[in-house]
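Throughout, a chain's letter reflects where its sequence line sits, starting with A, and its residues are numbered from 1. This structure is a prediction, so every number in the text was calculated from the model and none was measured. When reading the values below, keep in mind they use all heavy atoms of this one structure, side chains included, and skip hydrogens, waters and symmetry mates.
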Number of protein chains: 2
Amino acid sequence: MASTTNKEAARPGGRSARVQQAVHEAVRTLQQEGRRDALSVPQIAELAGVTPSTIYRRWGNLAELLADVSLERLHLDTAPADTGSLAGDLQAWCEQYLEEMTSVPGRRGLDDIMASADDERRQRCRECSEAIMQTLRERALARGEVAPSVAVLMDTLIAPLTYHLLYTRGEIHPERLRGWITTALAACHAAHPPTPGSKFNPGELD
Amino acid sequence: MASTTNKEAARPGGRSARVQQAVHEAVRTLQQEGRRDALSVPQIAELAGVTPSTIYRRWGNLAELLADVSLERLHLDTAPADTGSLAGDLQAWCEQYLEEMTSVPGRRGLDDIMASADDERRQRCRECSEAIMQTLRERALARGEVAPSVAVLMDTLIAPLTYHLLYTRGEIHPERLRGWITTALAACHAAHPPTPGSKFNPGELD
DNA sequence: ACCTAAACGCAAAATATTTGCTTTTTGCTT
DNA sequence: AAGCAAAAAGCAAATATTTTGCGTTTAGGT
């Protein structure tokens, strides 16, 4: 009943992999075509050609299974565009992420992940966001830009973004996004005030 | 069968109220003494002296019931201390809130609320936080301090705080909190730059 | 006092979940 | 290449849960 997450099972052999794939696909199929309210383990098992007990033993319950499927989806969307500046990259990525997460399947995926009792999964989400911020930051530094630390980006960008996704249903204006980004970059510039004589400004903070 | 949340029922009469109270108390009791993993509707119903069907009809399922109970608890903790300055008030409240939410029951309560499918409940949480920020802000303005808008406080304080509560299990150093508060107030001061000739500088922090 | 609709209790029915046991499969070893 | 031990899956019975129909109680209004 515990936390048999999935991929890193002790024995991820052929059949196990096949079952996992079949079950995941069954979930996705039923989520697409079907009713959002009803979605049972026996139903998924039948479509996947698997016994319910298999699902229960591997995932524990429906919530964990749904969270697992949603997390897998979340991992795909990592392809930040290069707009030539950190501010632009952040804006572009946030807008794209926002659009994805306010869509019906996106919102449901987020809910499914939050509904899971396994907080290791939430950690993964955080790490995923951190990785993206890291990528954008390093790209900026390579350009010679000043860039806030990943921690600052998380606190000033990802955090409010996520907060709004979770706690309001209203849309977020790109204007608001721009404000957060400005704040993030301003905080960075404040920490390294542009001294008149300095040749360059290494982007370190924290 | 949908969202008979609770208090604002069309008929909140004596018996309904009594049942609600009994069920809520049963949940609290079982949560305290009992095992966190198992906690079933029939079990709660028995302790509350109520039929399971009553619970199912009123709350829909276990997750909604737990979220309902947790939300009620959350509403009690509103008593921000007055430390004499906005920075102090924010720091004090955040520390107290943090301690409460990182405790075992606090963390479980948060999880229960996030696990609920009803996003109206999350909205309530947000409104609760906004109300506290509003209180602190007005208190600061009454003192003659400069204070950021509630929106800014939400974005720079509540959002990162909540993000860490949800996405990491690690502790948050009060130092980190202080950093967020500084940022929030700094953003405010940037909007209202301290003119040299001004008699006093209200929102000075440490 | 009476009436109506909402809430509840009860119990049967329908579903979902757990569990014991057997069989298949996998990764490794000989 | 065959064999072995452990892991995972199937199957079916046993449990537990959720749903539902129907009669009864009760709150709120006329």
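- Base contact: A:Ser53 has a heavy atom under 4.0 Å from a base atom.
- Taking all atoms of both residues into account, the shortest heavy-atom contact from A:Glu72 to A:His24 is OE1-ND1, 3.0 Å.
- Of the candidate nucleotides C:dC8, D:dT17, D:dG10, D:dT17 has the atom nearest to the side chain of B:Tyr56.
- The CD1-P distance, from B:Ile55 to C:dC8, rounds to 10 Å in whole Å.
- Going from atom CG of B:Leu65 over to atom C1' of D:dT17 covers 15 Å, rounded to whole Å.
- Other residues, nucleotides and ligands contribute only 12 or fewer heavy atoms inside 6.0 Å of the CD atom of B:Glu46.
- Pairing of C:dT30, defined by two Watson-Crick or G-U wobble distances under 3.5 Å, is identified with D:dA1.
- Among pairs with a residue in residues 121-140 of chain B, none fulfils ring-ring contact (aromatic ring centres under 6.0 Å, His included), at least two apart in sequence or across chains.
- If you measure from atom CG of B:Asn61 to atom P of D:dT20, you get 14 Å, rounded to the nearest angstrom.
- Closest to the side chain of B:Val41, from the set D:dG21, D:dT18, C:dT19, is D:dT18.
- Look at CH2 on B:Trp59: it is 11 Å from P on C:dA7, rounded to the nearest Å.
- Residue A:Ser40 is in sugar-phosphate contact alone, with no base atom involved, counting any heavy-atom pair closer than 4.0 Å across all strands shown.
- Of all heavy-atom pairs spanning A:Ala45 and A:Thr51, the tightest one is CB-C, 4.0 Å.
- Remark: P of C:dC21 and CZ of A:Arg57 are 12 Å apart, rounded to the nearest angstrom.
- Listed pair B:Thr54 / C:dG9 meets the phosphate criterion, a side-chain N or O lying under 4.0 Å from OP1 or OP2.
- Enclosure of atom CD in B:Gln21 is not indicated, since only 12 or fewer non-hydrogen atoms of other residues, nucleotides or ligands lie within 6.0 angstrom.
- The distance between atom CG of A:Leu62 and atom P of D:dT17, rounded to the nearest whole Å, is 17 Å.
- The side chain of A:Ser16 lies closest to D:dA9, out of D:dA9, C:dC10, C:dC8.
- Between the CZ atom of B:Arg15 and the P atom of C:dC8 there is a distance of 6 Å, rounded to whole Å.
- The side chain of A:Arg58 lies closest to D:dA8, out of C:dG9, D:dG10, D:dA8.
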